[in-house]
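Remarks on the structure that follows.
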Amino acid sequence: MYQVTLCKKQVKLALKLSTGFQRNYPEDPAMGLPKPDFSIGTREYFPRTLEVMKAHQTQQAVLKDLMPLHDRVPGWIYSRVFDREYFREVK
């Protein structure tokens, strides 16, 4: 089983740009998201991924935290930042 996570670059950017992420992310890096084991390129699938996230109520807080302007900024801009999905194996 795999857990979706973010790479260090994405966490750093989210902490800089998103007040929701700043508010919810732990100050102690050891308590934050796990380091990924691998990633998969997803840029070409990003529009569909965004549609799916918008369709699920459980993803609304994630959208607000990671992509606070997702409803006002063209998706291709976010697809450059979130061009890969990162995973950590859960043991």
Side-chain angles (χ1 to χ4, degrees):
M1 182 183 319
Y2 296 94
Q3 173 186 349
V4 174
T5 189
L6 299 174
C7 71
K8 191 181 280 189
K9 175 184 85 170
Q10 291 171 324
V11 170
K12 186 176 179 179
L13 184 61
L15 285 170
K16 186 176 183 179
L17 299 177
S18 170
T19 56
F21 200 83
Q22 293 163 4
R23 185 175 49 254
N24 294 314
Y25 202 75
E27 289 185 31
D28 179 0
M31 300 301 292
L33 292 169
K35 182 179 174 184
D37 290 323
F38 67 95
S39 67
I40 298 173
T42 58
R43 185 178 289 173
E44 68 183 280
Y45 308 108
F46 188 82
R48 180 70 177 140
T49 301
L50 192 55
E51 285 178 29
V52 170
M53 290 180 77
K54 288 178 181 179
H56 290 278
Q57 186 63 34
T58 60
Q59 297 300 303
Q60 299 312 302
V62 174
L63 278 171
K64 280 185 163 182
D65 283 352
L66 290 179
M67 297 181 258
L69 303 173
H70 71 276
D71 55 345
R72 291 180 268 167
V73 173
W76 66 266
I77 292 175
Y78 279 117
S79 75
R80 304 252 180 202
V81 176
F82 299 102
D83 64 337
R84 304 189 75 71
E85 289 205 14
Y86 294 85
F87 300 90
R88 175 73 178 198
E89 184 177 7
V90 178
K91 298 180 181 183

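The figures that follow rest on heavy atoms only: side chains count, while hydrogens, waters and symmetry mates do not. All figures in this text were calculated on a predicted structure; none of them were measured in a lab.
Residues meeting the side chain to side chain contact (heavy atoms under 4.5 Å, CB included) test with E85, sequence neighbours left out: T42, T49, F87.
Enclosure of atom CD in E51 by more than 12 non-hydrogen atoms of other residues, nucleotides or ligands within 6.0 angstrom is indicated. Taking a 6.0 Å sphere around OH of Y45, one finds it holds 12 or fewer heavy atoms contributed by other residues, nucleotides or ligands. Within 6.0 Å of atom NZ in K54, more than 12 heavy atoms from other residues, nucleotides or ligands are found, so the atom counts as buried in its surroundings.
Judged by distance alone, with hydrogens and angles left aside, the side-chain atoms of T5 form no donor-acceptor pair with the main-chain N or O of L33 at under 3.5 Å. The main-chain N or O of A14 is never found under 3.5 Å from a side-chain atom of Q22 such that the two would form a donor-acceptor pair. A donor-acceptor pair is defined here as one N or O able to donate and one able to accept, closer than 3.5 Å; no such pair exists between the side chain of Y86 and the backbone of K8.
Between M67 atom CE and S18 atom OG the span is 10.5 Å, to the nearest 0.5 Å. We find the CZ-CH2 distance between R43 and W76 to be 10.0 Å, quoted to the nearest 0.5 Å.
Linking ILVMFWY side-chain heavy atoms closer than 4.5 Å, directly or via other members, places V4 and L50 in two distinct hydrophobic clusters. Residues I77 and L63 share a hydrophobic cluster, clusters being chains of Ile/Leu/Val/Met/Phe/Trp/Tyr side chains in contact below 4.5 Å. M31 and L15 fall into different hydrophobic clusters, where Ile, Leu, Val, Met, Phe, Trp and Tyr residues are linked whenever their side-chain heavy atoms come under 4.5 Å apart, directly or through other members. Taking hydrophobic clusters as Ile, Leu, Val, Met, Phe, Trp and Tyr residues chained together by side-chain heavy-atom distances below 4.5 Å, Y78 does not share a cluster with V52.
Taking both residues in full, the closest heavy atoms of F38 and Y2 are given as CE2-CE2, 3.4 Å, listed atom of the first, atom of the second, then distance. Of all heavy-atom pairs spanning E89 and D37, the tightest one is N-OD2, 2.7 Å. Minimum interatomic distance between M53 and Q59 (heavy atoms only, all atoms of both residues): O-CB, 3.4 Å. Between G32 and Y25 the shortest heavy-atom distance is CA-OH, 3.3 Å. In plain terms, the two heavy atoms of R88 and P34 that are nearest each other are CG-CB, 3.9 Å. Smallest separation of non-hydrogen atoms from S39 and R84: OG-NE, 2.8 Å.
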